There are 2 protein chains.
Amino acid sequence: MVRRVTLREVAQEAQVSVATASLVLNNKPSRISQPTQQRIRDVARRLHYVVNENARGLVTNETRLIALIVPDIENMFFASLSKCLETECRRNGYQLFISNSDDDRTLERRLMRNFVGRDIDGLLLIPSIDSYTDRALLRDQICASPCPIVIIDRLITADICDGVGFDNELGGRLAAKKLLCAGHRRFACITGNKDSVNANTRCYGFLKTLQEHEVPADSILTLDGNYRFSGGYDAADAVADFGATCLFCCNDLMALGAIDRFRELGIAIPADISIIGYDNIVKRFGLLTRLTTVEQNVSELASQSWQCLYRHIQHHDSGRNCAEANDLLLLEPQLVEGDTVAQAPIFR
Amino acid sequence: MVRRVTLREVAQEAQVSVATASLVLNNKPSRISQPTQQRIRDVARRLHYVVNENARGLVTNETRLIALIVPDIENMFFASLSKCLETECRRNGYQLFISNSDDDRTLERRLMRNFVGRDIDGLLLIPSIDSYTDRALLRDQICASPCPIVIIDRLITADICDGVGFDNELGGRLAAKKLLCAGHRRFACITGNKDSVNANTRCYGFLKTLQEHEVPADSILTLDGNYRFSGGYDAADAVADFGATCLFCCNDLMALGAIDRFRELGIAIPADISIIGYDNIVKRFGLLTRLTTVEQNVSELASQSWQCLYRHIQHHDSGRNCAEANDLLLLEPQLVEGDTVAQAPIFR
DNA sequence: CTGAAAGCGCTAACAA
DNA sequence: TTGTTAGCGCTTTCAG
C-alpha cells in the first residue's frame, strides 16, 4: 500500500505547473508541446497517478456517478437488472453504485440521503414495498432531490417522477388468452404477496380476461401465494381438488413449487394440468424445466431506464421530478412457450 | 428537483459563519450557544441541507466509502455476501458500493482504478477467475493501491494481501467422511469448472479422504461438471452406469440436476443413491428439497472480512498490502444433514 | 462564544 | 507554449 499521488506531485516531478499537467492528462485541446506532454504522461504512469474524482467533481459539478437502489439484490430479477444497468452506465462513461434497501423504507431514505451527499448525477430507484402504501414520504424526498430520479419496475404513479416498468396487466392477459385458446374452462390462479402491486396487477389482468370471455366465477379458484416455492407447493392440493385443468402463477418459483407437488400427487403436466408462470427465472437459474411463462425483458428494462435518466442528466433537467407531466413507460411482456401447457383434457 | 444547498447558504440564512454552522451540524464539541445551535439546525432542516461528502472527504481525508467487487452478482452466493457486507459496513458508519466485474480481468482493473479515484477507504475484492491463473497484474495493482484491500473467498495465496475464505478441502473431507460412515464403497464426484480453484479443492479433499481410507481408485468415478444444473443432469447417467451408491457434487445446483435425472431414471434418493451437495443454496432459494450439503456460513464470511479490513483502516495501515506476513483466514464449512444420504444399500 | 483564513485536489479562465 | 489565480464545499486551526 502506497500514499496517494496528487496532480501537484506529478507536475513537480515533470517540472510543469498543475494546470499544464491537468490539461494534458485530461486530453484537453491545448497547444502543449509534444515533449512536455510525453514527459507528463510518463511521470503520471510511473507514479501510478489516479485523478481524484471527488475533487474533480467539486469543480466540474458532475461526478459521473449513478446510484441504483434495489429492494433485494438476492432476488434474481433485481440482480440481472443491476448487471444490465451497470453495463449501460459504463457504456456511457458513468459508474454505477448498487445498494440494497432490504425493502425497508427507513433504510431507503438513508441511502438516498447518502447518495445525494455523494453528489451523484442521477438515481435509479426501485422503491420499497412500503413506499407503495404511503407515497407521501418518498414523494417529498424525490421532490427535494437535487438530481434526476427514475423509478423502475415498481411504478408509483406518474405524479412523482419518470418511471419505466412492465405492463403487468398485459402479462396476466397473455396468460389467460393462452389458456383460453387451449380450450381450458376451469382455472386456478396463485397470487403473490398481498402488497405486491405488480403481482396483483398480473392477477387482475388474468381474471379480467377470463371474465371478458364469460368464464363463470365459480370456475375460477384464486389462492394466496407468497411469491416463493412453498407458496406453489402448498397451494397445489387445493388446485387439484378444485378440478382446475390449468394454473396461472404470478411467478415462476411458485409454478415450480406447484409442479413439484403435482408430481408427488401423480398429476401429469401438462396432460392433466397446464401451468403458466411469470418471470422466466427458470432459464436464468439454469434449470431445465421448459416452463411456459411470461417473460419480462430485463435488458430492455435496463436500457430504457437508463435512457430515460440520461436524457434528464443531459438536459440538465432541473425541474422534472414532481412536475405534472412525467413520462411513464410500460414495456410489454411476452409469452414464452414451454412444455407445460396443453389442450384441455376434455378436448382431446 | 431542486438546486443543491451548501453549507454557506445555511450559514447565511442562519446569520452565522460557515465555521459555526459546520461545528454545529457535525456535533463537534464547542461552546456555541444553544439558541444559535437550534437556529442553525432548523435552517438546515428547512433547506434540506445535506453535507457534500466529497468536499468533506477532501479535507478529512476519509470518505467512509467501501467498495466491493464481485465477479457475478447474479450468483446467489455473492448476492448474499453483498447483503451481509453491506450490513456490516453500515453498522460501522461506512457506505458500501457494490460492483460487478463479470469475472473479467480487464473490467476488474478498471473498477479498481475507478474506486481508487473515488478515494475509497477500503476495498473488498473477490477476484476474477483470470486473476488466479496470472496473479502478476493484480498483484501489482494491489501493491500500488493507496487503500487497504482484503481478498474474499477466491484466495490468491497470502503474499499479496490479507484474505478471508473457506477451507474447501475440509468441505470435501466432511462429505467424504459422511459417506464413508454411511458404509458407502463406490463413489462418484462431479467437479466444478476446470479453473475454479475452490471447486477443485473440494474435490481434492474428497478424493484425498477416500484414498486415506483405502478406497481403491477403480471404485471412484470423477466427472467434469460445469457448476450448473445441466452439469449434474448430464452426468447422472454415467454415475448410475458406474454403479455408484453415492455422489458428491461440488455445488448444489449440480446436485439438483442429478436428482432430477435420477428421478426420471426411476432411481430413488437416498434409497438407491445418496447425494451430497455444496453451498446450501437450495435453502436460500426457497426450494423444499432437504438436500444434505456442505454449508458455508456467509454471514460469518462477511463479518470476518469486514473486521479484517476495518482493522487496517483504523490502524491507518499504510504498509500491509504486499507485506511478507499477511493474514489468511480460513473459515470452516459445516455439513448440513438433509434427507439425501442413507446407509449404503449393501448394509441394509 | 463566534469568525476569518488556510487548504484539501482539482479545473478553467485568463495572463504572460 | 505554459503559468497564475480563483474557487468548488467543506473542516480546522487560530484569533478575537
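Keep in mind that the numbers below use all heavy atoms, side chains included, and drop hydrogens, waters and symmetry copies. All of these numbers come straight from a predicted model, not from anything done at the bench. Lettering of chains follows the sequences in order, A, B, ..., and the numbering in each one begins at 1.
One atom, CG of B:Asn26, and another, P of D:dT13, lie 13 Å apart when rounded to the nearest Å. Going from atom CZ of A:Arg8 over to atom C1' of D:dG3 covers 15 Å, rounded to whole Å. Remark: P of D:dT12 and CG of B:Leu23 are 9 Å apart, rounded to the nearest angstrom. For the pair B:Glu9 CD and D:dC10 C1', the interatomic distance rounds to 14 Å; values are reported in whole Å. Rounded to a whole Å, the CD1 atom of A:Ile40 is 12 Å from the C1' atom of D:dG3. If you take CD of A:Gln38 and P of D:dT1, they are 16 Å apart, rounded to a whole angstrom. B:Asp119 has its CG atom 19 Å from the P atom of D:dG9, to the nearest Å. In this structure, CD1 of B:Ile32 is placed 13 Å from C1' of D:dT12, rounded to the nearest angstrom.
Between A:Phe97 and B:Phe97, the ring-plane angle classifies as parallel under the 30° and 60° cut-offs.
Non-hydrogen atoms lying under 4.0 Å from DNA chain C are contributed by B:Leu58, all within residues 42-58 of chain B.
Using modelled atom types, one finds a donor on one side chain and an acceptor on the other under 3.5 Å when comparing A:Arg56 with A:Asn26. A donor and an acceptor atom, one from each side chain of B:Glu88 and B:Asn92, are nowhere located under 3.5 Å apart.
In this structure, the side chains of A:Ile73 and B:Ile73 come closer than 4.5 Å at one or more pairs of heavy atoms. Using a 4.5 Å heavy-atom cutoff, the side chains of B:Ser131 and B:Arg154 are not in contact. Using a 4.5 Å heavy-atom cutoff, the side chains of B:Leu81 and B:Asp153 are not in contact.
Taking five base pairs at each end of the helix from C:dC1-D:dG16 to C:dA16-D:dT1, the local helix axes there meet at an angle of 50°, rounded to 10°.
Every side-chain contact (heavy atoms from CB on, under 4.5 Å) that B:Thr63 has, sequence neighbours left out, goes to A:Asn54, A:Arg118, B:Leu65, B:Asp119, B:Asp121. Every side-chain contact (heavy atoms from CB on, under 4.5 Å) that A:Gln304 has, sequence neighbours left out, goes to A:Val164, A:Glu300, A:Gln307, A:Leu329, A:Leu331. Not counting sequence neighbours, the partners of B:Asp134 by the side-chain contact (heavy atoms from CB on, under 4.5 Å) test are B:Arg105, B:Ala136.
An OP1 or OP2 oxygen of D:dT2 is reached within less than 4.0 angstrom by a side-chain nitrogen or oxygen of A:Ser33. Residue B:Thr60 places no side-chain N or O under 4.0 Å from the OP1 or OP2 atom of D:dT11. The phosphate of D:dT11 has neither OP1 nor OP2 within less than 4.0 Å of any side-chain N or O from B:Lys28. Between B:Ser22 and the phosphate of D:dT11, there is a side-chain N or O to OP1/OP2 separation shorter than 4.0 Å.
Taking only side-chain atoms of A:Ser17, from C-beta outward, the nucleotide of D:dT12, D:dG3, D:dT1 with the closest atom is D:dG3.
A:Ile149 CD1 to A:Leu123 CG: the interatomic distance, rounded to the nearest 0.5 Å, is 5.0 Å.
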Item to complete: Might you work through the side-chain contact (heavy atoms from CB on, under 4.5 Å) test for B:Met112 and B:Val116, ending with a clear yes or no?
Response: CA-CA 6 Å; B:Met112 283 178 68; B:Val116 167; 5.5 Å; no
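Note that the first and last nucleotides of DNA chain C, 5' to 3', having any atom under 4.0 angstrom from a heavy atom of chain B are C:dC1 to C:dG9.
Two residues, B:Thr36 and B:Val59, neighbour DNA chain C, and the one matched to the more 5' nucleotide by heavy-atom proximity is B:Thr36.
Atom CZ of B:Arg110 has 12 or fewer neighbouring heavy atoms from other residues, nucleotides or ligands inside a 6.0 Å radius.
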